[in-house]
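What follows is one structure encoded as structure tokens, with my remarks underneath.
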Number of protein chains: 2
Amino acid sequence: MKEIEKRLNDNGVRPTAMRILIYKYMAEKEVAVALTDIENAFAKADRTTLYRTLKTFEEKGIVHQIDDGTHISKYALCEPGCNCELEQDLHLHFHCNNCEETVCLTEQKIPHINLPDGYIAEDANLIVKGICEKCSG
Amino acid sequence: MKEIEKRLNDNGVRPTAMRILIYKYMAEKEVAVALTDIENAFAKADRTTLYRTLKTFEEKGIVHQIDDGTHISKYALCEPGCNCELEQDLHLHFHCNNCEETVCLTEQKIPHINLPDGYIAEDANLIVKGICEKCSG
DNA sequence: ATTTTTGATGCAACGGAAGTGCATTTATTA
DNA sequence: TAATAAATGCACTTCCGTTGCATCAAAAAT
């Protein structure tokens with residue numbers, strides 16, 4: 001509990017009750033979550049608050065946004081020391097076509113790609129779709 | 001003109017006037033287009049028709065859908081002989097952070113990725129963001 | 001300790017994009 | 001030409017993301 005408060009403080013985010021709850025929720029889920037998921041989990045809270053919490057977390061490097069091809073933004077906690085902006089830190093995301101869940105595969109980095117002349121890469125996003133470990137087993 | 005009709009026929013799509021126009025439009029654009037783009041280009045036509053045309057084209061393998069991280073579906077014509085479903089045919093897409101345009105880099109294939117045990121890949125989507133050839137030159 | 005200021009939360013509403021049901025028109029083929 | 005199937009158009013719905021403004025709680029300054 002205190003670690004969460006510390007993590008938020010360290011990243012310049014005031015550790016309010018709601019924020020701690022959301023952080024905790026995401027830490028327990030282990031899969032990327034959409035705003036809707038959080039909404040369902042905290043039905044009493046206002047959508048805007050949850051929305052802005054995610055945005056704040058994202059800005060402050062606590063979570064990173066994931067675009068898994070569903071056209072719904074997902075978010076996952078950054079690993080300690082994760083620098084989502086840096087190219088060498090870009091890991092891939094896996095979206096299960098069966099359970100529809102998306103996970104970070106933090107060990108699998110996006111390989112370097114040679115682009116044609118004139119193209120300058122700043123960011124990359126690789127999402128692999130298929131059957132996840134839980135569903136294939 | 002006749003080639004377009006043939007292409008549509010070969011893929012089991014009746015070559016109506018509207019469909020030929022849309023195909024032509026996409027062929028000329030050279031960048032991936034959103035439904036909105038087509039809407040603006042053919043203001044007289046109904047959105048639903050355009051929407052369903054894209055869906056039909058996609059089903060019949062005439063275009064492939066691209067998810068460039070903007071949360072807006074883009075579409076691009078398949079190269080002749082493109083098999084979007086097949087893993088070895090997956091090329092990457094480049095999204096320019098400056099002009100906001102998305103292009104197919106059909107020569108750059110998505111490299112094979114080793115996934116952790118239990119994960120089965122069926123599809124992949126790599127989108128690289130940065131500055132495109134036109135904007136960097 | 002009280003005021004001032006800043007930041008967090010809640011409410012209401014908007015906008016864009018995707019999608020659907022049904023009626024109507026156009027094209028195919030019987 | 002009549003019957004059938006496919007394409008188009010209209011109206012509407014839903015879902016998600018987003019913003020403006022009021023209110024409430026917390027931190028800083030006096």
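Every chain is numbered from 1, with letters handed out A, B, ... down the list of sequences.
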DNA chain C nearest-nucleotide lookup for A:Arg47 and A:Thr56: closer to the 5′ end is A:Thr56

Among the nucleotides C:dT9, C:dA17, D:dT8, which one has an atom lying closest to any side-chain atom of B:Thr49? D:dT8

What's the closest nucleotide to the side chain of A:Asp46 if the choices are C:dC11, D:dT19, C:dA18? C:dC11

Test for a donor-acceptor pair under 3.5 Å between the base of D:dC10 and the side chain of B:Thr48, counting only N and O atoms. yes

Looking at the base of C:dG7, is there any donor atom on it, or on the side chain of A:Arg52, that sits under 3.5 Å from an acceptor on the other one? no

In whole angstrom, what separates [X]'s [atom1] from [N]'s [atom2]?
X       : N      : atom1 : atom2 : result
A:Glu59 : D:dT18 : CD    : C1'   : 14 Å
A:Arg19 : C:dG7  : CZ    : P     : 11 Å
A:Tyr51 : C:dG10 : OH    : C1'   : 16 Å
B:Asn9  : C:dA27 : CG    : P     : 15 Å
A:Leu35 : D:dG17 : CG    : P     : 6 Å
B:Ile72 : C:dG19 : CD1   : P     : 13 Å
B:Glu39 : C:dG19 : CD    : P     : 14 Å
B:Leu54 : C:dA18 : CG    : P     : 9 Å

Any side-chain N or O of B:Lys55 below 4.0 angstrom from OP1/OP2 of C:dA18? no

Looking at A:Ile127 and A:Asp68, what are the two nearest heavy atoms and their distance? CD1-O, 3.5 Å

State, yes or no, whether a side-chain contact exists between B:Val63 and B:Glu58 at a heavy-atom distance under 4.5 Å. yes

Applying a 4.0 Å non-hydrogen cut-off, can you work out what B:Ser73 is touching in the nucleic acid: base, sugar-phosphate, or nothing? sugar-phosphate

Charged N to carboxylate O under 4.0 angstrom, A:Glu5 versus A:Lys2? yes

What about the rings of B:Phe94 and A:Tyr119, do their centers lie closer together than 6.0 Å? yes

Against B:His93, only a single residue in B:Asn125, B:Asp67, B:Thr106, B:Ile110 fulfils side-chain contact (heavy atoms from CB on, under 4.5 Å); can you say which? B:Asn125

Of B:Lys44 and A:Arg14, the one whose nearest nucleotide on DNA chain D sits closer to the 5' end is B:Lys44

